[in-house]
Engineer: 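Once you've had a glance at the structure underneath, I'll fire off some questions.
All values derive from a computational prediction rather than experimental measurement.
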Amino acid sequence: SCAASAHPLRTGHLLARSSFALVRMISWRACLALVAFHVRMHEVWGDAFASARSSKSLRGEQSFSVDELMEIFGWGEIEGHRGAVSSASHMDEIRGLLYYTFKALPKTAHGGLSAAGARYAIHRLFASRDGWQVKGLAPTGGYWSPSAPILGLGDRLPSHLHALFEKRFGTDDFDLEELVQMTVVIESLIHGEAIERLNHTYRMLGRDTQVALSEGDAMEVAYSCMTAHLAGVDVSGISLEVFESTRKFVEQSHAAWPEVKMLIQEVQSEVCPRHTEYKFSDLARILEGVNHRLGQRIDEVTCQEVEDELMELEEKNGTGRVKLSDFYARHLDDENQQFHHRPEYLRRAGVLDESEPAVPRIIIPNYLVMKANCLNVSSLYDLCCLDLCEDLFDQLEEGIQAPSATSEEIIKAVSATQSFYSPKGRNLSDVLVKKLMEVADHHGGQVPLHGRLFAQWMHFAFPRECPYPHISGATKPLSNNEWFEETGTLATASKAEVRSVIDASQSALGSTACDDSDEGMCMWTPDEELVDAASWQAMQIAQPVPTPQRSLRSSLRACAFLAVSVTSLVAMWRLVQQSRTALGFGWGAGNKPTAAAAAAAAATSGRRRGEAAVPMRGMHDCSWLQSDNCQDQ
């Protein structure tokens, strides 16, 4: 006021500056209030959302304990189960294997997976890790939406477990922990069957499960039990004579038996080193380890041998196909017992490419995972060749970490993937890029990772690794025995039938059926089927895919917002500097931060940069898992 009375003009200038500063302060206070309101609402809604998820996740928090599993499956009287079910480290491993698939699948409104998505994720884990096609869980030419309860397993569960499982897991909205638990439960069922087989083997051989065995006797029991497993024989319902003849047949005729026997010895040396006596529980642990590695070992032996032969016969254009005539000719020339299934069976199994009717072809990856090539080793699962495409999808899911991506993002991610036949960094053909853009256009600019169209594109991008995905209901995988029971005819063709196919192929003109024949894409169809169509559609409604015009408007708004934000920050910075200077809180000469401020900033920056990344599949990362096993680390 004194200054105002002495200098009227200066008074007006000061008032003007004060008013402008006041306006700026009010504006920034309003902005800060809005930010605080936004943060508070985020906390409120975040807490509400977390509360909703926690109430839903109560199912997930009620995990099965070892004692509970033993009780509900009736294992209390049988030694050997306790060490094999749901250990913390094993569940951590499963969680790591499921993590990226869970993250990449479309979610329900509550953030979980539908029954179809959960079924798909757990099937993928067993198929890629163990070569297990779990019956009821694996689709047989149909949709992923399960027709039976408990992810399609309901028909194979004991009746007294139905209510318990539906109460514990429900029918939808599976979170990651529930997927882990369901996987453990399925493993426990399979392990329980193996323990029963071992128990019956003891009885068949006149051994007492309560008496320790010498190393030689223990290995004889293990060999007998595993030969029955490979033959798919129910030990509980056969005589000793049949049991012994089964072992003799497998040891003399099964191509993989030498490797399986070696595998038993390897696991025995790892699980029970320097043992001189073996209890029942010791053998149970050995056979459990063998069962989990058996799929990989058989894949390395028998499946690899078949694949190598097919690759020798592959057409020169590298489309992952073998002419049926060449396939049959190998059978006649080398007496190959694999390559003689009749065309009708191969067609029903989804193995034939008949886009050029005069020259049918075998699709190599479809043939390798054909049910006739699986071993019916259990009432719960078949042991099949590993699907090499699962490894590629694992890499894509880890790279994209979302249910969908643009065609450009997928091309970049695919270029970073690698397999035995496809090196990293390869360039995709123009036809492949065009087809991928068509898939994106079909879905408004995004490509769903878990649908038939993208799986079809992956088949043509990786024709030697990825099976061709047929439309649901177009195929019906059957074993040789199931084919005979359904048709009354053998699944294999006679030599006369094989020669007739070869003669017909040689007389064919060989005209191509489509313009994309050079790329091997004559089988391409525009039919889409999503693993979880309902969740995908709900996500699109909640987060619509931006059109080009909408994207342009969004970009312009973002640029305008950025410009306003920068201008506002500069004004705020100047105001803060003026206020700090007026109040005597300056940062000192040159406006440099004090050592304490720098240290605090460095500490914050260090914490931010030091945040642990999500671990690789199957690898343990303490900062992510927060398990008790990581405390020492």
Engineer: Given 3.5 Å as the limit, does a donor-acceptor pair link the side chain of Arg95 with the main chain of Val180, or not?
Structural biologist: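 Not confirmed, Arg95 side chain does not pair with Val180 backbone.
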Engineer: Verify, without hydrogens or angle tests, whether Asp532 (side chain) and Gly117 (backbone) share a donor-acceptor contact under 3.5 angstrom.
Structural biologist: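 Not a single qualifying donor-acceptor pair exists.
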Engineer: Listing request: all disulfide (SG to SG under 2.5 Å) pairs with a residue in residues 400-466, at least two apart in sequence or in separate chains.
Structural biologist: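 Every disulfide (SG to SG under 2.5 Å) pair that includes a residue of residues 400-466, provided the two are not neighbours, is Cys389-Cys466.
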Engineer: Hey, can you tell me if Phe454 and Trp457 have their rings parallel, tilted or perpendicular (30° and 60° cut-offs)?
Structural biologist: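 Ring orientation, 0 to 90° scale: parallel.
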Engineer: From Trp524 CH2 over to Lys435 NZ, what is the distance, rounded to the nearest 0.5 angstrom?
Structural biologist: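 Spacing of CH2 (Trp524) from NZ (Lys435) equals 6.0 Å.
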Engineer: Return yes if some donor-acceptor pair links the side-chain N/O of Glu465 with the main-chain N/O of Ser419 below 3.5 Å, else return no.
Structural biologist: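 No: the side chain of Glu465 does not pair with the backbone of Ser419.
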Engineer: Between Thr525 and Arg452, is there a side-chain donor-acceptor contact under 3.5 Å, judged purely by atom types and distance?
Structural biologist: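 Short answer, yes.
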Engineer: Please report the interatomic distance OG(Ser422) to CG(Leu428), rounded to the nearest 0.5 Å.
Structural biologist: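 Reported to 0.5 Å precision, the distance equals 9.5 Å.
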Engineer: Do Gln446 and Thr406 come close enough that some side-chain heavy atom pair is under 4.5 Å?
Structural biologist: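 Yes - at least one pair of side-chain heavy atoms lies under 4.5 Å apart.
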Engineer: Let me confirm one number: the CG-CE distance from Leu396 to Met458, rounded to the nearest 0.5 Å.
Structural biologist: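 Between Leu396 CG and Met458 CE, I get 5.0 Å after rounding to 0.5 Å.
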Engineer: Do the non-hydrogen side-chain atoms of Phe462 and Val414 ever get within less than 4.5 Å of each other?
Structural biologist: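 The answer is yes; the side chains approach within 4.5 Å.
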Engineer: Hey, does the side chain of Lys371 reach the backbone of Asp382 with a donor-acceptor pair shorter than 3.5 angstrom?
Structural biologist: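 Side chain of Lys371 to backbone of Asp382, a donor-acceptor pair under 3.5 Å: no, none is there.
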Engineer: Can you find a side-chain donor-acceptor pair between Thr417 and Gln395 that sits under 3.5 Å?
Structural biologist: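 On atom types as modelled, these side chains do not qualify, holding no pair under 3.5 Å.
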Engineer: I'd like to know whether Leu176 forms a side chain to side chain contact (heavy atoms under 4.5 Å, CB included) with Tyr99, so could you lay out the CA-CA distance, the side-chain angles of the two residues, the decisive distance to 0.1 Å, and finally the verdict.
Structural biologist: CA-CA 7 Å; Leu176 180 59; Tyr99 178 80; 4.0 Å; yes
Engineer: Please check this pair: side chain of Gln296 against backbone of Arg293, looking for a donor-acceptor N/O pair closer than 3.5 Å.
Structural biologist: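 No: the side chain of Gln296 does not pair with the backbone of Arg293.
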Engineer: Does a side-chain N-to-carboxylate-O contact under 4.0 Å join Glu397 and Lys103?
Structural biologist: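 No, no charged N to carboxylate O under 4.0 Å.
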Engineer: Are any non-hydrogen side-chain atoms of Ser404 and His443 less than 4.5 angstrom apart?
Structural biologist: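 With C-beta onward as the side chain, the pair stays apart.
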Engineer: How about Met523 and His470: do any of their side-chain heavy atoms sit closer than 4.5 Å?
Structural biologist: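 They are in contact (side-chain heavy atoms under 4.5 Å apart), so the answer is yes.
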Engineer: Any side-chain heavy-atom pair from Glu529 and Asp527 closer than 4.5 angstrom?
Structural biologist: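 Of all side-chain heavy-atom pairs linking Asp527 with Glu529, none is under 4.5 Å.
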Engineer: SG-SG distance between Cys374 and Cys385 under 2.5 Å?
Structural biologist: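 No, Cys374 does not link to Cys385 through a disulfide.
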Engineer: What is the minimum heavy-atom distance between Arg124 and Phe393, and which atoms define it?
Structural biologist: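 Looks like NH2-CB, 3.7 Å.
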Engineer: Return the CG to CG distance between Leu368 and Leu388, rounded to the nearest 0.5 Å.
Structural biologist: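 Rounded to the nearest 0.5 Å, the CG-CG separation comes out at 7.5 Å.
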Engineer: Could you tell me the separation between the CG atom of Leu137 and the CD1 atom of Ile186, rounded to the nearest 0.5 Å?
Structural biologist: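 Result: 5.0 Å between the selected atoms.
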Engineer: State the CD-CG distance between Gln181 and Asp175, to the nearest 0.5 angstrom.
Structural biologist: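 Taking CD in Gln181 and CG in Asp175, the distance rounds to 8.0 Å.
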Engineer: Checking the side chain of Gln401 only, and the main-chain atoms of Glu398 only, is there a donor and an acceptor separated by less than 3.5 Å?
Structural biologist: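 Checked: pair present.
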Engineer: Is any side-chain heavy atom of Val369 closer than 4.5 Å to one of Pro365?
Structural biologist: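 Answer no - side chains too far apart.
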Engineer: Checking Arg426 against Tyr421: charged group under 6.0 Å from the ring centre and within 45 degrees of the axis?
Structural biologist: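 No, Arg426 does not lie over the aromatic ring of Tyr421.
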Engineer: State, to 0.1 Å, how close Pro448 and Trp536 come at their nearest heavy-atom pair, and which atoms those are.
Structural biologist: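 That closest heavy-atom pairing would be CG-CZ2, 3.5 Å.
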Engineer: Are any of the side-chain nitrogens in Arg129 or Glu187 under 4.0 Å away from the carboxylate oxygens of its partner?
Structural biologist: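 Answer for the salt bridge query: yes.
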Engineer: Using modelled atom types and a 3.5 Å cut-off, is there a donor and acceptor pairing between side-chain atoms of Glu528 and backbone atoms of Leu453?
Structural biologist: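 Looks like yes, one N/O pair under 3.5 Å.
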Engineer: Determine, stepwise, if the pair Leu530 / His450 fulfils side chain to side chain contact (heavy atoms under 4.5 Å, CB included).
Structural biologist: CA-CA 6 Å; Leu530 298 175; His450 304 100; over 6 Å; no
Engineer: Within the 4.5 Å heavy-atom criterion, are Asn373 and Cys303 side-chain neighbours or not?
Structural biologist: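 Not touching, per the 4.5 Å side-chain cut-off.
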Engineer: Shortest non-hydrogen contact from Thr475 to Gly350?
Structural biologist: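 Smallest interatomic distance, heavy atoms only, reads CG2-CA, 3.6 Å.
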Engineer: Would Ile410 and Leu449 count as a side chain to side chain contact (heavy atoms under 4.5 Å, CB included) here? Give the steps.
Structural biologist: CA-CA 9 Å; Ile410 287 177; Leu449 297 187; 4.1 Å; yes
Engineer: Looking only at non-hydrogen atoms, find the nearest pair between Gln133 and Ala127 and report the distance.
Structural biologist: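 Distance-wise, the nearest heavy atoms are NE2-CB, 3.9 Å.
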Engineer: Report yes if the side chains of Tyr381 and Phe126 come closer than 4.5 Å at any heavy-atom pair, otherwise no.
Structural biologist: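 No, every pair of side-chain atoms sits at 4.5 Å or beyond.
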Engineer: Please give me the minimum heavy-atom distance between Gly111 and Lys107, naming the atom from each residue.
Structural biologist: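 Heavy atoms only, the tightest pair is O-CD, 3.6 Å.
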Engineer: Using every non-hydrogen atom in the two residues, find where Ala121 and Leu105 come nearest and quote the distance to one decimal.
Structural biologist: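 Looking at all heavy atoms of both residues, the closest pair is CB-CD1, 4.0 Å.
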Engineer: Taking the ring centre of each residue, are His292 and Trp132 less than 6.0 Å apart?
Structural biologist: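 Aromatic pair counts; centres sit under 6.0 Å.
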